[in-house]
Amino acid sequence: MATVEGLKLSEQFPRGGASIFVKALTIAPGQQVYFCGEDTNKLQVLFRYLTGEMKCETGTKWLDGVDVSHLDCRGLLRLGVAAGSARSRVFVSLTIEEHFQIRAAALQSPQSADYWLSRARESFSVLRSVPRTVCGNFSGGEQQTLMLALATMGSSRIVILEEPWTGLSGAAQQDVHEVFKRFKDGGITVVCLTQDKPKQYGESSLIVDLDNPKSFDMSKSSSVRPKLV
Amino acid sequence: MKNTELLREETFAGLDRRFKFVGIAFAGALLIMLPTFGVPRLLDIAIISLLFAVMAAGLYLVVGLCKLFDLGYAGFVCLGAYATRILLTKLEWGYLPAAVCAVLVATFAGIVLGLPTLPLRGDYFAIVTFGFAELVILLMRNWTGLTGGPYGLGGIPDPVFFGFQFQRYPPISYYFLLLGITVCIFAVVWFLRRTMLGSQMIAVGDDEKLCAVTGIDIVSVKIAAFALSAGIGGLVGSFWAIYFKFISYLDFTLNLSVQVIAIVILAGDRRLRSLLLATALIAPTSEILRTWLRSLALPEASRIAFFGMILILLTMWRARPRSADRKSIFVVCKDWIEKVTRKLSLNGFHTKTTVSLPHSFDTDLAVSGTRAFDDVEKTEPAKPPNRPVLAISNLHVSFGGATALDGIEVTLCEGEALAVVGPNGSGKTSLLNALSGLVQCDGNVELSGRDIIRLPSWIRARLGLRRTFQHPRQFDGLGWDGNIHLASFSSAQRPLGSLLKRITATVKAAFVPLTLSNSQILNPRPESPARLQLQRAFDPQASVVLLDEPLAGKPASWISDVLDRIRTHKRSGGSVIVVEHNVQAILPVIDRVLMLDKGRARFLGSVEDYLSFQSLSGDLNWQQLKG
């Protein structure tokens with residue numbers, strides 16, 4: 001069970017500011033949460049906060065009853081909170097195998113990098129046909145798929161993704177949805193932050209519209225716009 | 001509510017101006033009054049600080065604006081100093097012509113060094129400029145007949161200006177001469193920062209790839225920055241020679257360059273006031289430490305150690321992570337003034353303050369984005385394709401042995417929109433990169449009958465080829481208006497010309513003022529960078545616009561905006577190539593479809609044929625698309 005309480009965020013970007021206020025939000029295991037909104041800044045701020053990339057003025061994050069507000073990306077990753085963003089860059093001078101080796105080491109995974117790579121190739125058709133060169137030669141969509149594969153590898157309990165579908169072809173998007181379905185079955189929570197509303201929702205999806213209303217309280221159904229699909 | 005916020009902004013703008021004015025007036029008065037304090041060492045420290053301020057202003061053009069890590073700045077100062085000494089004593093010139101000559105020598109050296117090395121960036125550029133500084137030092141050490149070699153050169157006379165004899169002790173006349181030079185140099189740099197050339201320098205520092213597709217002549221801009229910076233270095237060198245009376249190559253080692261770079265880096269942002277503040281912190285510190293440690297009978301090495309520690313602390317302080325609600329000293333002072341003014345019930349001053357926002361172009365249009373397209377009838381059919389505008393034949397691109405594009409052939413006509421579709425890794429973005437000149441390719445590409453395959457990106461942009469990126473790019477240092485203004489200016493320049501014409505155009509750009517206020521430059525509007533790059537691409541001079549996944553991850557309102565822009569561009573005779581996964585969304589505005597697969601053209605034809613092709617191949621739902 002992951003909870004975010006009394007969260008207030010504000011960040012000054014080079015191109016403007018963004019602020020978000022959340023009173024309380026609780027996410028159950030296996031649930032899929034979609035934060036949707038047209039403001040890229042808001043999405044980025046929320047993503048950076050949830051993944052431990054930035055601290056916020058007030059608010060706390062709880063994971064299974066433990067306060068994890070002070071943890072950074074690495075600490076959260078150790079606790080099973082993985083993240084991936086369309087803005088993330090892959091290491092252009094490394095091969096796909098080297099990426100998986102680094103990630104497996106960071107996760108301290110008992111399985112080998114080859115195991116995870118073969119699983120990723122099963123899940124993402126794009127990765128089956130990528131050239132066997134350094135990732136700098138990959139196309140944007142291939143790099144994004146690799147990023148998604150790295151974010152979803154391991155035994156994470158929560159996977160937080162920013163714009164997971166951006167730049168992916170129809171087939172690759174379908175792969176992502178299949179992975180999400182598998183996660184739901186395995187009780188893994190998926191949190192997506194996206195500008196365009198997803199075309200497919202799982203049964204336990206929770207959609208949070210960041211644009212309307214600006215502040216929302218998940219605990220009071222009358223005052224919130226988010227809906228369960 | 002909105003009016004209140006506007007009023008508050010206006011009030012702050014007025015306060016900011018007043019605060020700046022008071023600050024400048026106070027600093028100016030202090031600098032003018034300094035000689036009257038009667039402390040010779042203080043005057044000495046002030047002169048050395050001003051020397052560093054001028055050097056920092058020179059290096060600011062290269063390191064601060066263009067983000068080129070120049071480790072050879074001391075070399076230019078050295079050249080200026082030696083040139084002045086030789087002209088003053090051996091040829092017995094006056095100081096003024098000698099100083100002008102020193103500036104020209106350093107500028108020439110800057111251009112000669114810059115021409116072959118400016119295409120380099122990062123570590124390579126730093127190594128080459130460091131090598132240049134070492135070369136100058138070696139030259140001065142070994143050309144004993146001219147430079148005195150290890151013994152250096154002394155006996156430099158006090159200059160005479162229009163009958164006025166400068167006095168070294170006390171150096172009041174030198175102080176005021178250098179103060180005048182400093183004010184002039186900072187005025188020139190301040191003015192340059194507000195011209196088109198200044199914007200181009202910032203743009204080069206921000207994103208060279210975007211510069212190329214915007215039509216900015218990167219090499220000319222860099223050479224201009226390098227030559228100006230070197231010239232200022234030469235001027236500093238000429239003053240150095242007459243003030244210190246003795247010059248040796250040991251004065252112009254890497255230490256000097258590092259100290260000046262430290263000032264520019266500590267300044268952090270691109271504001272001149274930050275540069276002045278950093279100079280005021282670093283330059284006198286070194287000299288004050290020298291005096292203090294000497295009084296304690298500590299060796300010179302201890303000064304360097306102390307100075308190094310102070311530099312580390314200052315840099316750590318400057319680079320510290322800041323919270324979103326941090327307040328600068330200026331904002332704190334403004335808040336305090338506002339508080340005091342309120343207490344005194346004199347808060348009616350804001351009514352006198354007005355904010356003028358001059359516009360060289362319709363910025364409202366730039367913001368709204370869609371306003372210009374409201375009157376377009378969406379149901380109007382596109383003009384039939386006529387004259388070919390872009391002809392691609394036998395186009396090949398490969399990366400590290402992997403083929404990205406293999407024998408692509410397609411012709412785009414005026415007023416036509418071509419959709420490029422295909423799975424990830426099929427070569428769609430590589431096609432746009434090849435057309436815009438960002439990757440090396442083989443084959444033939446003709447734009448309006450002109451072969452452009454060997455032309456660099458910036459010339460292609462000036463010929464009317466514009467593009468957007470999948471992940472939007474922008475010049476962060478310029479803001480919305482600055483980005484649009486720079487793009488429209490650069491792309492409207494002449495596409496080709498000799499080196500002399502290119503240099504002339506670059507010099508002319510230094511006299512094209514930005515019609516934007518400082519606040520607009522420093523406070524970019526919070527609109528999306530995706531909208532900004534779309535606005536930049538669809539300018540009136542664009543003949544072919546290349547769009548890389550413009551709808552990826554965007555809401556429905558955005559999609560209609562993009563489609564309207566494509567329609568309008570087609571109506572004015574322009575052509576569009578759009579790479580997109582969301583084929584269904586762009587079908588209403590496109591005329592033909594090119595489908596790529598593993599770098600090869602799998603299909604090229606009309607939309608109807610494409611839909612039939614897809615229904616046969618089963619890749620897409622035919623009924624869904626037709627509906």
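To find a chain, count down the sequence lines: A is the first, B the second, and so on, and within it residues start at 1. No experiment lies behind these values; they were computed from the predicted model shown.
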**Student:** Of all the heavy-atom pairs spanning B:N424 and A:S139, show the shortest one and how long it is.
**Tutor:** C-OG, 4.0 Å

**Student:** Among B:G425, B:G422, B:A552, who wins on heavy-atom pairs under 4.5 Å with chain A?
**Tutor:**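 Winner by heavy-atom pair count: B:G425.
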
**Student:** About how many Å separate CD of A:E163 and NE2 of B:H471, when rounded to the nearest 0.5 Å?
**Tutor:**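 If I round to the nearest 0.5 Å, the distance is 10.0 Å.
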
**Student:** Tell me whether the count of non-hydrogen atoms from other residues, nucleotides or ligands lying under 6.0 Å of CZ in B:R600 goes above 12.
**Tutor:**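 No, the 6.0 Å shell around CZ holds no more than 12 heavy atoms from other groups.
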
**Student:** Is there a donor-acceptor pair under 3.5 Å between the side chain of A:S169 and the backbone N or O of B:P423?
**Tutor:** no

**Student:** For B:Q440, look at atom CD and say whether over 12 heavy atoms of other residues, nucleotides or ligands are found less than 6.0 Å away.
**Tutor:**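 Not more than 12 within 6.0 Å, no.
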
